[in-house]
Amino acid sequence: MTEKQRDSFRSNLGVILALVGSAIGLGNLWRFPYLVGTNGGAAFIIIYLLCIVFLCMPIMICEFVIGRRSQANTFGAFKKLAPGTAWKHTGTLAVITCVILLSFYVVVGGWTIDYFIKSVRMVFTSTTDFSAEFNKMVSSPTENVFFTVLFLLCTAGVIVAGVRNGIEKTNKYLMSALAVLIVFIMVYAMTLPGAKQGLNFLFKPDFSKVTFRTVLSALGQGFLSLSIGCGAIITYASYANRKDNLLKTTTVTTLSDTMFALIAGMAILPAVFSAGMNPSEGAGLAFISLPYIFEGMSFGRVLSIFFYFILFAAALSSSISLMETVVAFLKEEYRKSRFMAMLIMLGVTTVFAVFCALSFGVLSGFKILGFTFFDFFDYISSNICLATCALLVCLFAGWKIRKEDFYDEITSGGRYKIPKWLLGTLRVFIRYIAPVIVAIIIVNSLIGL
Ligand code: PFF
């Protein structure tokens with residue numbers, strides 16, 4: 001396929017919004033607050049920020065270089081930049097990771113639609129037992145599967161409309177709505193009686209709670225949150241223009257994602273403290289603790305509609321990038337039409353996603369290495385596949401792409417001159433330091449299996 005025939009974003013803003021859309025997701029709103037809650041608050045945040053700056057950003061830059069230089073899908077990119085080698089299978093691994101990740105991600109995406117509708121219909125009351133309500137929802141085969149498939153269809157609908165009319169436009173609207181609504185909820189949360197306690201928890205570090213596991217969780221969360229290690233950035237970068245400055249795009253994406261995670265924490269944790277609840281509730285925070293808290297607040301019902309809409313929008317923009325990565329691969333490597341590629345991806349993901357959805361009910365006794373389907377997919381994608389792909393990306397960019405090409409890709413576009421020492425440091429980091437750290441994470445995650 002020639003470059004002329006390839007899809008592309010209309011503007012640099014389109015690229016940035018799509019990347020931000022991919023990055024901001026359930027990872028920020030659902031996972032980050034409960035990881036902060038269960039890992040000692042501010043100490044976790046500090047470690048997370050260090051991981052983002054020193055590890056995740058450099059790897060993100062590598063993915064960007066690979067995508068934009070090759071102007072190809074995640075498999076085609078490695079094939080084009082290192083013809084005739086096995087490096088292309090880094091792309092294969094990325095595609096598989098997307099399918100695995102999307103399969104459990106859409107289940108939680110389905111819950112957001114379900115809770116959004118329940119909030120609009122005011123199904124919840126002050127006497128609702130939210131824990132029982134949540135368990136009823138996830139263990140009901142019809143309800144859980146129905147909303148999972150509905151969420152998948154929403155994703156597929158955007159994909160089929162194309163890069164400019166589907167992905168670029170949807171991200172533009174969703175991201176704008178998301179930013180306004182989350183700031184609104186945060187400001188409201190600040191006025192609650194327990195807000196100060198929540199903020200203290202978020203910003204006063206307690207390093208006694210930090211263990212090696214905390215560091216591993218922070219790194220894993222960094223990869224997941226920034227969408228590193230599954231080809232989504234490579235794919236979106238391949239739709240970017242050579243006039244766009246790569247360092248600027250990476251910085252804006254990282255800053256937006258991190259700010260959003262912190263704002264989500266500042267919106268959720270004060271509310272948790274004001275209701276006298278425990279922040280280390282875990283995965284149930286967004287679907288058990290928060291609905292309970294909303295019920296007890298003035299304007300809680302409106303806030304709950306906003307909140308589940310935000311969760312839905314964030315989940316949708318992320319799953320779009322996961323599906324697009326595979327669709328671009330099928331389109332370019334197997335010459336499928338966008339529609340056909342979407343149908344294939346939809347079919348495959350539906351099967352896996354249904355298994356994940358049913359693992360809370362009828363398939364709860366079915367275990368792989370002691371995990372249910374849902375937990376297994378979550379664990380291997382978040383803790384093993386993303387990191388393995390990230391390691392290969394690092395090695396590829398550091399050792400396989402020529403130094404001149406690497407620097408050329410980073411410095412092209414934009415008005416600012418990037419100092420040589422920064423480029424040199426980045427390269428040393430990518431060649432020697434990052435691979436060692438990521439390899440340690442992978443070994444530890446494999447031990448945890
Ligand atoms: N970044 C998303 C989140 O924080 O929820 C998850 C994700 C989306 C990971 C897309 C990878 C990806 F390609």
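Along the sequence shown, the residues carry numbers beginning at 1. Both ligands and their constituent atoms are indexed starting at 1 by order of listing.
Of the N and O atoms on the side chains of Tyr239 and Glu324, at least one donor lies less than 3.5 Å from an acceptor on the other residue. Side-chain polar atoms of Asp257 and Asn28 form a donor-acceptor pair below 3.5 angstrom.
Around the CZ atom of Phe355, the shell of radius 6.0 Å holds no more than 12 heavy atoms that belong to other residues, nucleotides or ligands. For Lys118, the NZ atom counts as densely surrounded, since its 6.0 Å shell holds more than 12 non-hydrogen atoms of other residues, nucleotides or ligands. Around the CZ atom of Phe339, the shell of radius 6.0 Å holds no more than 12 heavy atoms that belong to other residues, nucleotides or ligands.
Each of the following atoms of ligand 1 lies closer than 4.0 Å to a heavy atom of Leu101: 9 (C), 11 (C). Of all the atoms in ligand 1, the ones that sit under 4.0 Å from a non-hydrogen atom of Ala232 are 13 (F). Near Cys230, meaning under 4.0 Å from one of its heavy atoms, ligand 1 places the atoms 11 (C), 12 (C), 13 (F). Residue Leu224 has at least one heavy-atom neighbour below 4.0 Å for each of these atoms of ligand 1: 1 (N), 2 (C), 3 (C), 4 (O), 6 (C), 7 (C), 9 (C).
Salt bridge present: Glu332 and Arg6 bring a charged side-chain N and a carboxylate O closer than 4.0 Å.
Ligand 1 has no N or O atom lying under 3.5 Å from any N or O atom of Ser321, backbone or side chain. Inclusion of Ile24 in the set of residues having an N or O under 3.5 Å from an N or O of ligand 1 is not warranted. For a threshold of 3.5 Å applied to N or O pairs, the pair formed by Ala23 and ligand 1 contains at least one separation below that value.
The nearest non-hydrogen atom to atom 8 (C) of ligand 1, considering only Gly21, Ser22, Gly25, comes from Ser22.
Ligand 1 lies less than 4.0 angstrom from a heavy atom belonging to Tyr105.
For the pairing with Phe360, the ring-ring contact (aromatic ring centres under 6.0 Å, His included) check across Trp111, Phe104, Phe134 returns one residue only, Trp111.
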